[in-house]
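All values derive from a computational prediction rather than experimental measurement. Convention: sequence-line order gives letters A, B, ...; per-chain numbering from 1.
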2 protein chains.
Amino acid sequence: MSLPHAILTALLEKPSSGLELARRFDKSIGYFWSATHQQIYRELGKLEQDGLIRALPAGAPARGQKKEYEVLPAGRDALTAWVSGSDAPRPVRDPLLLRLRAAAVVGTGGLEEELRRHLDLHRSQLAEYRAIEERDFPPERDGEEDRLRHAVLRGGIGLETFWTEWLAETLTALGERNEEKERKRRQ
Amino acid sequence: MSLPHAILTALLEKPSSGLELARRFDKSIGYFWSATHQQIYRELGKLEQDGLIRALPAGAPARGQKKEYEVLPAGRDALTAWVSGSDAPRPVRDPLLLRLRAAAVVGTGGLEEELRRHLDLHRSQLAEYRAIEERDFPPERDGEEDRLRHAVLRGGIGLETFWTEWLAETLTALGERNEEKERKRRQ
DNA sequence: GTCACCATGTAAATAGTTACATGATTTG
DNA sequence: CAAATCATGTAACTATTTACATGGTGAC
């Protein structure tokens with residue numbers, strides 16, 4: 001139920017074609033709700049059928065032709081209604097935590113390397129978010145209307161901060177564990 | 001690809017029936033990889049077919065009868081191999097962030113209430129994790145073999161801490177926004 | 001013996017991923 | 001015009017969720 005509303009939000013900010021949406025998802029909304037271009041095309045078709053969006057009139061609507069969509073009033077209403085809906089909080093569902101837990105039972109294989117790889121990735125994601133924050137939300141110029149967008153970005157920053165700290169901590173703990181093993185092996 | 005390995009891990013810790021697994025998922029592994037009993041039954045069937053687990057011999061294997069499974073050597077090997085595998089880090093994919101982002105475009109409906117509800121839920125989840133930590137990982141008694149399990153739990157604690165802080169912060173920001181609106185309205 | 005609950009399962013729908021097909025436009 | 005890239009789309013598969021079906025066991 002989330003993808004169509006993600007698309008409506010993106011289209012309200014700026015009418016776009018399917019591929020443009022896919023690219024913008026990579027840059028902003030996709031940070032917390034990713035989608036492939038196939039998902040997006042399928043969903044655009046459904047939204048058009050349901051009368052929530054429409055294709056902007058263009059020359060010939062053919063296969064290789066760009067097709068731009070805009071949100072209709074019904075679409076805006078649907079999004080407004082959805083905003084006050086409710087979900088259960090999502091549990092994390094991260095395979096890395098699962099691998100760690102499995103490692104507690106069958107032993108850590110090349111897991112440390114994977115943790116370091118993730119640490120690097122999360123660090124650069126964090127740097128990217130901070131750059132966006134500096135660019136789009138400079139201190140003392142945070143207008144009322146942007147506070148929600150800023151809150152979402154702070155969510156991303158908080159999450160990446162958590163991951164980098166946790167990964168660094170966990171790598172340290174693993175390192176100590178290996179040192180203990182080494183000591184035992186040498187005795 | 002994660003669910004079968006979650007099940008193998010749980011079964012290695014203790015041979016169980018499908019429903020027992022479903023219940024144990026609710027309490028430990030399910031905190032970061034949830035699954036319904038239907039998913040678990042189906043996956044148990046596949047794992048048995050693939051020769052990674054087997055049903056413990058019991059009286060009559062009938063419909064309403066409990067059926068316990070244990071992991072075979074091939075299953076342990078498969079899990080060991082999987083531990084050193086690799087995934088891309090999961091982006092968050094949380095509808096709440098999406099609603100917030102949508103609210104930046106069509107206005108915040110009853111969203112504040114939803115944020116408060118989530119804050120409560122995350123607070124009690126955090127309290128639960130901390131209770132588990134005190135019970136299972138008392139200071140100075142943290143054996144080498146439990147360090148990985150403790151790391152996973154600290155992951156949960158870190159995430160819940162992030163959410164409670166972010167939600168509290170965001171509610172404050174929303175409150176200020178509303179006060180501004182109030183002031184404007186009164187002028 | 002019936003009601004509540006334990007236990008296993010089937011079926012159908014929705015969501016998401018991966019691989020590939022096809023036409024249009026731009027660039028050398 | 002050939003190659004690269006833009007753009008839309010189909011198909012098949014895997015994963016997840018939701019609703020329901022069926023039998024077994026123990027408490028009253």
N/O (side chain, Gln38(A)) to phosphate O (OP1/OP2, dG9(D)) under 4.0 Å: no
Over all atoms of both residues, closest heavy-atom pair of Ser2(A) and Trp33(A): CB-CZ2, 3.4 Å
Per Lys66(A) side chain, nearest of listed nucleotides dT8(D), dT16(D), dA15(C): dT8(D)
Given DNA chain C, 5'-ward residue of the pair Arg42(B) and His37(B), judged by closest heavy atom: His37(B)
Between dT8(D) (P) and Tyr69(A) (OH): distance, integer Å: 8 Å
Ser17(B) side-chain N/O to dT8(C) phosphate OP1/OP2 under 4.0 Å: yes
Gap between atoms CD and P, on Glu68(B) and dC6(C) respectively (whole Å): 16 Å
Distance flag, aromatic centroids of Tyr31(B) and Tyr129(B), threshold under 6.0 Å: yes
Integer-rounded Å distance: dT17(D) P and Gln39(B) CD: 5 Å
Val152(B) to Arg101(A) - nearest heavy-atom pair and separation: CG2-N, 4.0 Å
Interatomic distance, Leu3(A) CG vs dT17(C) C1' [rounded to whole Å]: 13 Å
Distance, rounded to the nearest Å, where Glu43(A) contributes CD and dT14(C) contributes C1': 11 Å
Listed nucleotide nearest any side-chain atom of Tyr41(B), set dT16(D), dG16(C), dG9(C): dG9(C)
Nearest-Å distance for atom pair NZ/P, residues Lys46(A) and dT10(D): 13 Å
Proximity to the side chain of Arg93(B) - top-ranked nucleotide from dT16(D), dG16(C), dC20(C): dG16(C)
Ile40(B) CD1 to dA7(C) C1', straight-line distance once rounded to whole Å: 13 Å
Over all atoms of both residues, closest heavy-atom pair of Trp82(B) and Met1(B): NE1-O, 3.9 Å
Rounded distance (Å) that lies between atom P of dT17(D) and atom CZ of Phe25(B): 12 Å
Distance-minimising heavy-atom pair for Glu68(B) and Pro15(B): OE2-O, 4.0 Å
Donor-acceptor pair present, Arg90(A) side chain and dT16(D) base, under 3.5 Å: no
Given dT8(D), dG16(C), dA7(C), the nucleotide with the shortest approach to the side chain of Lys67(A): dT8(D)
Closest-nucleotide 5' rank along DNA chain D - winner of Gly18(A) and Met1(B): Gly18(A)
